[in-house]
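These notes concern the structure reproduced below.
In what follows, chains are A, B, ... by sequence order, proteins preceding strands, each numbered from 1.
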Amino acid sequence: MNSILYIEDEEVKAKEVDSFLSSFGDVMLEKSLNSGIRAIRDNVYDFILLDMSLPLYDYDCEYEEENDFETFAGIDILEELMRQNRNDKVIVITAFDILGEGENEITIDQLNSKLLEEYKDIYLGIIYYDSSSLEWRRNLKSIMEDFV
Amino acid sequence: MRIAKNYAIIKVQCERFNSTYARLNPALGFESRISKYISGGINNSVDMIDYIDQYDIKSIFLFENICTLDVIKRDIRLAKTATEASDVRIMVLQKLIEYNPSRQEDYLSEISWLTTKREINNRIHLVSQRKVFVDVERIKQEKQELFEEDFQKYLMFKSFNKDIEGFDVTDETTIFAIKQIVNSMNEDIKQNILYSQTIIALKDLIADITYEFVHNEHYGLDTFLSSRIRHGYCKSQLTKELREFHLMLTTLDDESPNYNVYQFWDDKVNVEEENDYCILKNSLSEFTRSIEEKIQEIRRKWIRVRLSKDEVGMFDYTSFVSSMLIIDKQNIIDFDLMYNNIIFSLWNITNESLSRIRDRINTELKSFYYEKLDVLEYEVKKLENSSVKGLAQELSNNITMCRAKISTIMSEFANIFYKDDVVYEDYTLNDLITTCMGIEKQIHVDFEDAIIEANAKGNVRLSGSSFSYFVEIIIMLLNNAVSHAGYSSMKDIELSLNICMDENDPTVIEIVKALANDKRNWMKENLLVTTVKNNLSPEKDIETIRLKVAEIFEYAKDAQKLKYYSTLEGGSGLYKIYKTINYNMSVPYVILYSVEEGSFSLTLAVDASNLITKERA
């Protein structure tokens with residue numbers, strides 16, 4: 001069985017993706033950048049699935065004003081994995097087709113290219129999640145099966 | 001990796017590290033973390049401080065610029081929660097006081113801000129985790145330089161001889177009066193070049209603040225709407241029950257317009273039922289498409305900010321800047337006050353937008369859902385005598401159950417469109433004392449070495465909305481007392497804090513007597529009196545202090561003069577009290593002081609009649 005860490009703050013999306021992932025292995029769900037990094041420090045995983053944009057802390061733990069929302073939280077997680085020389089494979093799954101604002105705006109295709117370039121040893125790809133389509137399931141399955 | 005030995009390299013890296021642009025724009029390189037600069041073997045904040053301690057003078061730079069609260073919050077080795085992060089930052093600041101005593105006041109002020117904020121946050125009721133939130137304080141911090149520059153430009157052009165009497169735009173009596181003022185302003189703009197420059201500068205300031213309120217990439221409204229509502233929540237909230245009851249189909253891929261896939265129903269159908277099933281599926285497909293399109297419309301046209309006329313969105317700020325120019329008539333010379341007033345008006349207009357969105361959800365959107373469910377039910381019922389009658393009946397039941405939930409779905413969705421207002425717990429005078437003493441102990445590590453007397457007198461509960469303001473004022477008074485007493489060691493300081501709301505208390509009676517000739521009728525039963533008293537070092541020249549304080553209080557009679565003299569030692573504190581009480585609390589008050597041989601005391605008396613929530617026990 002694969003061990004999978006899934007870091008996602010959106011409840012409904014988490015439920016749906018979690019149920020899809022359960023056929024691939026044991027899934028551990030975390031809800032923020034902070035809890036995600038803690039999980040990474042505590043365990044090694046075959047796959048890490050993560051939403052690119054995450055709150056700094058779990059919503060139920062912190063007062064809103066203290067809880068920053070990190071548009072590129074996923075990059076911090078990739079950085080932490082690189083810092084630890086880890087080999088866990090990372091897949092990003094996001095409902096945003098464009099991330100950032102104004103001059104910092106980036107499409108998920110551009111982001112994918114950048115991530116492939118910067119984290120080629122651990123990064124497997126990005127999935128655009130749209131609950132009304134089956135495509136994300138197909139793409140996710142394909143990336144995971146290709147790797148396995 | 002060890003910390004780079006070359007100072008210049010560290011500086012360049014730190015600049016990159018702290019640059020939000022670099023952090024958010026992957027094209028410029030991803031943000032590094034503190035781990036880039038600090039090697040392994042650092043498991044906690046104590047390790048980090050010991051490690052950086054080895055770097056002498058560079059430590060100041062590292063502690064000040066690298067070990068900031070924002071960075072600490074993001075490194076779980078250093079802190080697992082926001083509270084822990086603030087503890088570590090306080091530890092860092094205490095180290096900085098040791099290394100760089102010349103900036104002790106700045107460091108103490110940050111410690112004070114951190115601890116006060118934390119204590120105040122502890123008294124907040126969490127109403128909801130998902131309400132509309134714009135972090136206007138952090139926007140102000142981030143863009144302070146730009147806003148101040150705009151504001152100074154405005155002040156440079158502004159003539160205070162003109163319309164010198166202030167005009168309170170929040171107290172508008174009639175639309176007619178406002179129109180007259182606007183007309184007169186327009187006339188002046190045409191005829192007076194200097195006035196026209198003033199208005200252009202004011203327009204720039206309002207436009208910049210509005211833009212950041214709406215579009216600041218970290219703390220602005222649109223970032224909140226995008227990350228917390230438009231992406232994810234909006235769709236999941238508006239489809240979760242429909243999916244739960246299997247009323248929505250999916251497409252094969254993201255680009256396909258055909259909603260024709262659903263394993264749940266497909267599995268229940270035999271080959272001979274295919275034709276009727278196709279009809280049923282078409283109805284479900286049509287239903288799904290209409291819901292999906294509506295959700296797209298909500299995401300693209302409702303929950304959007306409209307700053308210019310060519311944009312679409314229900315958060316409409318297109319007329320805000322021009323409508324706000326009337327603030328010029330208030331003759332504001334204080335930046336904080338100007339910022340607060342503009343933000344206040346921005347929230348007013350945002351609240352109107354939120355109300356319109358809630359109404360639209362509870363009426364138009366709700367009706368739309370009912371209507372589409374009715375159409376689907378009608379189509380499904382047509383098949384109740386067909387080969388897929390079992391399936392049609394199951395669907396009919398699901399539609400009925402789902403219909404019963406529409407109202408809840410809509411009100412849950414509408415309820416996130418409120419401003420995220422915090423609600424503070426009501427408090428007693430003892431709560432105030434305990435909180436302030438707790439904060440002081442965190443600000444000054446050796447605070448308990450001082451001889452301290454703290455008393456609360458009066459059984460009264462005050463409205464939570466005033467708590468943070470009182471705490472800020474008292475902390476400022478206590479900090480001033482500690483720093484101006486003239487002693488280097490806390491052991492020599494004698495400090496007293498008395499908060500009293502008791503009509504029989506001699507101090508209260510005395511103050512009311514002293515105010516007998518005041519045009520305002522001060523009632524002793526409503527008077528909340530706070531006194532902070534400290535001893536003065538024998539080295540302090542009492543006469544000099546007396547003259548200085550008298551001078552500051554003389555300026556205090558005129559807010560504009562006070563602002564200009566707020567840079568004097570002691571003057572800034574008084575100006576802060578003036579602003580907090582006038583603009584945040586809006587209660588009548590008097591400040592009294594006494595300089596005697598060996599001691600200084602300051603008394604703040606406020607009319608707390610509007611702050612009392614419960615009668616005395």
Side-chain angles (χ1 to χ4, degrees), chain A residues 9-13 15-16 33-35 37-38 41 51 53 55-57 59-73 75-76 78-80 83-84 94-106 110-111 114-115 118-119 128-138, chain B residues 20-21 23-27 29-33 35-36 70 73-74 76-77 80-83 85-86 117 121 124 126 129-131 133 135 137 215-218 220 222-224 226-228 231-233 235-237 239-240 243 248-256 259 261 288 292 420 422:
Chain A
D9 63 315
E10 186 59 51
E11 209 178 311
V12 178
K13 179 182 163 196
K15 201 173 150 193
E16 203 176 355
L33 173 59
N34 190 288
S35 58
I37 290 192
R38 264 187 284 161
R41 289 172 68 86
D51 192 356
S53 305
L56 189 51
Y57 302 108
Y59 284 128
D60 44 4
C61 293
E62 291 290 337
Y63 169 56
E64 180 79 43
E65 263 188 54
E66 303 293 341
N67 205 356
D68 302 339
F69 191 84
E70 304 282 303
T71 311
F72 294 101
I75 289 168
D76 293 336
L78 283 157
E79 281 288 326
E80 176 67 10
R83 194 185 71 80
Q84 292 187 34
T94 176
F96 289 78
D97 45 1
I98 293 172
L99 291 105
E101 281 275 323
E103 57 189 6
N104 296 325
E105 205 172 271
I106 186 165
Q110 289 167 327
L111 181 62
K114 280 281 155 197
L115 295 177
E118 298 257 343
Y119 307 100
Y128 173 64
Y129 169 86
D130 178 355
S131 59
S132 54
S133 162
L134 292 182
E135 192 168 327
W136 67 267
R137 292 166 188 262
R138 224 172 21 250
Chain B
T20 35
Y21 190 62
R23 179 155 69 92
L24 292 180
N25 190 343
F30 300 116
E31 187 192 41
S32 304
R33 289 286 170 233
S35 52
K36 280 270 184 189
D70 273 351
K73 274 167 90 175
R74 284 161 181 80
I76 64 148
R77 290 175 303 170
K80 290 182 181 63
T81 64
T83 310
S86 121
K117 192 169 74 147
N121 282 353
I124 289 172
L126 260 186
Q129 284 158 15
R130 198 193 291 265
K131 298 270 184 193
F133 177 65
D135 200 333
E137 278 311 310
H215 282 307
N216 184 286
E217 60 187 349
H218 293 122
D222 201 50
T223 298
F224 178 90
S226 165
S227 61
R228 306 291 295 280
H231 289 92
Y233 178 77
K235 190 165 181 174
S236 63
Q237 173 65 20
T239 58
K240 67 178 179 188
R243 290 192 191 284
M248 287 187 80
L249 306 184
T250 50
T251 60
L252 261 178
D253 57 70
D254 294 345
E255 304 305 318
S256 168
Y259 296 92
V261 186
T288 307
E292 292 280 2
D420 184 21
V422 292

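Within the 4.5 angstrom heavy-atom criterion, no atom of A:Ser53 approaches chain B. Only the side chain of A:Arg138 has a heavy atom closer than 4.5 Å to any heavy atom of chain B. Only the side chain of A:Leu56 comes within less than 4.5 Å of a heavy atom in chain B; its backbone stays farther off. With a 4.5 Å cut-off on non-hydrogen atoms, A:Tyr128 touches chain B through its backbone and its side chain both.
A side-chain donor from one of A:Ser132 and B:Glu292 sits under 3.5 Å from a side-chain acceptor of the other. Residues B:Tyr233 and A:Glu11 have side chains that never bring a donor and an acceptor to within less than 3.5 angstrom of each other. When only modelled atom types and interatomic distance are considered, B:Ser86 and B:Lys117 share no side-chain donor-acceptor pair under 3.5 Å.
A salt bridge is absent between A:Glu16 and A:Lys13: the closest approach of a Lys/Arg side-chain nitrogen to an acidic carboxylate oxygen does not fall below 4.0 angstrom.
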